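All values below come from the heavy atoms of this structure, side chains included, with hydrogens, waters and symmetry mates left out. Worth saying up front: this structure is predicted, and the values here are computed from it rather than measured.
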Amino acid sequence: GAELPDRVCEEVTVDGPQGKRLTVKVYAPGNSFVVDQGRVHQLTEDRRLEWMMSLQQHPLMLLRARAQPRFRVAAAGNSQVDGRAVHLLLVEVYGRRLTLGIDAESQRILTVSFRDKDWHTGVLGQFVVRYSDYRNASGLVLPFRHDYFCDGRLLLTGILESIALNQKIDPKLYEKP
């Protein structure tokens with residue numbers, strides 16, 4: 001199967017009361033950090049691994065992971081998401097158990113649900129990620145919006161501006177400023 005990259009650079013712009021705020025997060029072996037409001041904060045290796053595992057629930061990463069030897073999938077019935085009929089699939093990948101809600105008409109992943117610790121409280125909860133705004137990106141149709149819920153409570157909404165696949169990446173992106 002395909003080897004996944006061992007590093008990620010994420011740029012997040014948030015609209016807040018004082019205007020737009022850019023945060024850059026770098027997850028690289030032995031050198032993970034966040035740059036927020038000009039300050040650099042070191043991240044632990046455990047935090048890097050935790051973040052890299054959280055990426056595995058994204059539809060693009062699930063598509064890549066399907067070739068892994070420990071990727072398992074089983075039908076789990078039918079349900080509805082926002083009035084749309086969905087097929088439920090149980091997926092096990094990299095030791096994580098996920099339930100996918102696949103739109104019966106478009107065959108797109110509408111939801112990914114899993115048990116994990118609540119980001120704010122540390123208490124185990126039921127997470128649901130709702131994917132929408134599917135668009136063409138480098139020849140694939142991928143979701144540009146994701147809404148994260150824990151126990152029915154909206155935690156955050158992410159809207160991607162662009163997705164570029166197989167791009168040459170400058171190694172300096174992973175160096176502390």
**Asked** Would you call L22 and V24 a side-chain contact if the rule is heavy atoms closer than 4.5 Å?
**Response** yes
**Heavy-atom neighbours of Q42 CD exceed 12 at 6.0 Å** = yes
**Prompt:** What is the ring orientation for Y131 with H146, classed by angle as parallel under 30°, tilted 30 to 60°, or perpendicular over 60°?
**Reply:** tilted
**Co-membership, hydrophobic cluster, residues V129 and L124, 4.5 Å side-chain** = no
**Item:** Step-by-step side chain to side chain contact (heavy atoms under 4.5 Å, CB included) determination, R135 to V141
**Value:** CA-CA 5 Å; R135 295 186 237 155; V141 178; over 6 Å; no
**Greater than 12 external heavy atoms within 6.0 Å of Q107's CD** = yes
**Item:** Spacing of N31 atom CG and E45 atom CD [to the nearest 0.5 Å]
**Value:** 10.5 Å
**Of R48, R47, E11, E10, the residue whose pairing with K25 passes side chain to side chain contact (heavy atoms under 4.5 Å, CB included)** = E10
**Request:** Please report the C-alpha distance between R70 and E92 in whole Å, then the side-chain angles of each, then the deciding distance to 0.1 Å, and finally whether the side chain to side chain contact (heavy atoms under 4.5 Å, CB included) criterion is met.
**Result:** CA-CA 8 Å; R70 293 184 309 266; E92 188 170 321; over 6 Å; no
**Asked** How about S138 and I163: do any of their side-chain heavy atoms sit closer than 4.5 Å?
**Response** no
**Request:** Find out if a path of hydrophobic residues (ILVMFWY) with successive side-chain heavy-atom gaps under 4.5 Å connects I102 to V93.
**Result:** yes
**Request:** May I ask you to check if R7 and Y174 form a cation-pi contact, with NZ or CZ under 6.0 angstrom from the six-membered ring centre and within 45° of the axis?
**Result:** yes
**Request:** Calculate, to the nearest 0.5 Å, the distance between atoms CZ and OG1 belonging to F149 and T157 respectively.
**Result:** 6.5 Å
**Asked** Are L155 and V112 joined in one hydrophobic group, where the rule is that I, L, V, M, F, W and Y side chains link up if heavy atoms are under 4.5 Å apart?
**Response** yes
**Within-4.5 Å side-chain heavy-atom neighbours: L173 and V26** = no
**Message:** Please check if the number of heavy atoms outside R97 that lie under 6.0 Å from its CZ is greater than 12.
**Reply:** no
**Request:** Report yes if the side chains of R72 and V91 come closer than 4.5 Å at any heavy-atom pair, otherwise no.
**Result:** no
**Item:** Atom pair CZ/OG1 of F127 and T111 - distance to nearest 0.5 Å
**Value:** 15.0 Å
**Request:** Identify whether the distance between the nearest side-chain nitrogen and carboxylate oxygen of R108 and D103 falls below 4.0 Å.
**Result:** no
**Prompt:** Looking at S113 and Q126, what are the two nearest heavy atoms and their distance?
**Reply:** CB-NE2, 3.5 Å
**Request:** Kindly indicate whether the side chain of L154, heavy atoms from C-beta on, has any atom under 4.5 Å from the side chain of Y148.
**Result:** no
**Prompt:** Between L160 and D133, is any pair of side-chain heavy atoms under 4.5 Å apart?
**Reply:** no
**Prompt:** Which heavy-atom pair separates S79 from L88 by the least distance, and what is that distance?
**Reply:** CB-CD1, 3.9 Å
**Pairwise side-chain contact, P143 with S132, heavy-atom cut-off 4.5 Å (strictly under)** = no
**Message:** With a 4.5 Å cut-off on side-chain heavy-atom distances among I, L, V, M, F, W and Y, is there a chain of contacts connecting V81 to F114?
**Reply:** no
**Request:** Mind listing the closest non-hydrogen atom pair of S162 and F144 along with its distance?
**Result:** CA-CE2, 3.8 Å
**Asked** Does some side-chain heavy atom of I109 sit less than 4.5 Å from a side-chain heavy atom of L62?
**Response** yes
**F71 reachable from L89 in the ILVMFWY side-chain graph, under 4.5 Å edges** = yes
**Value rounded to 0.5 Å, distance of SG in C150 from NZ in K117** = 13.0 Å
**Request:** Please report the shortest heavy-atom distance between Y27 and S32, naming the atom on each side.
**Result:** CA-OG, 3.5 Å
